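For reference, the structure is listed below as structure tokens.
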There are 2 protein chains.
Amino acid sequence: MMKHDLEYCTVEPALEVLTGKWKISILYFLFQGTKRFSELQNSIPNITKKMLTSQLRELEEQDIVRRVVYPVVPPKVEYSLSEYGYSVEPILRAMHLWGMTHIKHIQLKREIQKVQT
Amino acid sequence: MMKHDLEYCTVEPALEVLTGKWKISILYFLFQGTKRFSELQNSIPNITKKMLTSQLRELEEQDIVRRVVYPVVPPKVEYSLSEYGYSVEPILRAMHLWGMTHIKHIQLKREIQKVQT
DNA sequence: TCATAAGGTTTCCCGAATGATACTATGACA
DNA sequence: TGTCATAGTATCATTCGGGAAACCTTATGA
């Protein structure tokens, strides 16, 4: 996990929860409801089992994600957001909002550059 | 720069702006006002010139940070948040807020674990 | 003539994060 | 007897973010 330097302002815990190449994708799908391991794997193209497992384990460790194992064969494991996990929503919402305007900003910038050449 | 997978939900631009070991520290100080390169370097212990430069360049590329060069010797370069740069504040605010409660959450968790042993 | 300041750049290197691939366990079902 | 499904592990290879240290430029003042 990458470490972010800043004691003065308490922003790193959030970054620690959200950084990792697949965290956001995983959270996105879990915000839609409970998912099985294989459902997540199918929903997120290119993710490997190894990565999916490790990212889920980290989120579980941070109490964001709940893991429920059904003792059946073949195995069945369900992942869902914990109640605490839902508390990151405002952050994602703020990031999403900014992301939308940022995309417009980038486009505008490109058009200006075009005109100037 | 790390890439985050998720086209469906527009959260990656924000993460792209914020991830990088020193971005948050740099933004923190620039939110306080205009700073010279050396001021930032002195404010952020352990950061190398190379890292400070590259992080600032990325932020500049993203229109978050403004760089003003004074043609004097020895060089003088000032960095400040662009108007657009200020728009990331709600994200930082949300992250900060969550970070505070997360710290409490972690403490509580530890205490519970202590009691159980 | 030589050092100094300020803001870099360049080169080399390491370890962590991620990827690719193969392997495992186990009961149901054909 | 063999195959399949599911949710993983294990092992090895690669990539990439970041760190250390040296070098660069140029007007100025000692």
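By convention in this document, chain letters (A, B, ...) are assigned in the order of the sequence lines, proteins followed by strands, and residues within each chain are numbered from 1. A quick note: this is a predicted structure, and the numbers were derived from the prediction, not measured.
- Between the side chain of B:Arg66 and the main chain of B:Leu81, a donor-acceptor pair closer than 3.5 Å is present.
- The distance between atom CD of A:Glu78 and atom C1' of D:dG8, rounded to the nearest whole Å, is 16 Å.
- Under the 4.5 Å side-chain heavy-atom criterion for Ile, Leu, Val, Met, Phe, Trp and Tyr, B:Val68 and B:Tyr79 are members of distinct hydrophobic clusters.
- Of all nucleotides listed (C:dG8, C:dA6, C:dA20), C:dA6 comes nearest to the side chain of B:Pro75.
- Atom-to-atom, CG of A:Leu52 to C1' of D:dG8 comes out at 10 Å; the value is rounded to the nearest Å.
- Between B:Tyr79 and C:dG8 there is a side-chain polar atom (N or O) within less than 4.0 angstrom of OP1 or OP2.
- In this entry the distance linking CG of A:Asn42 with C1' of D:dT6 reads 11 Å, nearest Å.
- In this structure, B:Lys21 places its NZ atom 14 Å from C1' of D:dC16, rounding to the nearest Å.
- In this structure, CZ in A:Arg36 is found 10.5 Å from CG in A:Asn42, a value given to the nearest 0.5 Å.
- Projected onto DNA chain D by closest heavy-atom contact, A:Lys50 and A:Leu56 fall at different nucleotides, the more 5' of which corresponds to A:Leu56.
- Under 4.0 angstrom from either OP1 or OP2 of C:dA6 there lies no side-chain N or O belonging to B:Ser38.
- To the nearest 0.5 Å, the span separating NZ on B:Lys76 from OG on B:Ser38 amounts to 10.0 Å.
- Atom pair A:Met51:CE and D:dC12:P shows a separation of 17 Å (rounding to whole Å applied).
- Distance, B:Ile26 CD1 to C:dG7 C1': 14 Å, rounded to whole Å.
- A donor N or O paired with an acceptor N or O is not found under 3.5 Å between the base of C:dG7 and the side-chain atoms of B:Lys76.
- Put simply, CG on A:Asn46 is 11 Å from C1' on C:dG19, counting in whole angstrom units.
- At a threshold of 4.5 Å between non-hydrogen side-chain atoms, the residues B:Phe37 and B:Leu56 count as touching.
- Distances shorter than 4.0 Å separate none of the side-chain N or O atoms of B:Arg36 from OP1 or OP2 on C:dA6.
- Taking only side-chain nitrogens and oxygens, A:Thr53 never comes nearer than 4.0 Å to OP1 or OP2 of D:dG8.
- Map A:Ile47 and A:Pro74 each onto its nearest nucleotide of DNA chain C; the residue landing nearer the 5' end is A:Ile47.
- We find that CD of A:Glu60 is positioned 13 Å from C1' of D:dG8, with the value rounded to whole Å.
- Closest to the side chain of A:Thr48, out of C:dG19, D:dA27, C:dG27, is C:dG19.
- Using a 4.0 Å cut-off, no side-chain N or O of A:Lys49 falls inside it from OP1 or OP2 of C:dG19.
- Comparing C:dA5, D:dA7, D:dG19 by their closest approach to the side chain of A:Phe37 singles out D:dA7.
- Side-chain N/O atoms of B:Arg57 include one lying less than 4.0 angstrom from OP1 or OP2 on C:dG8.
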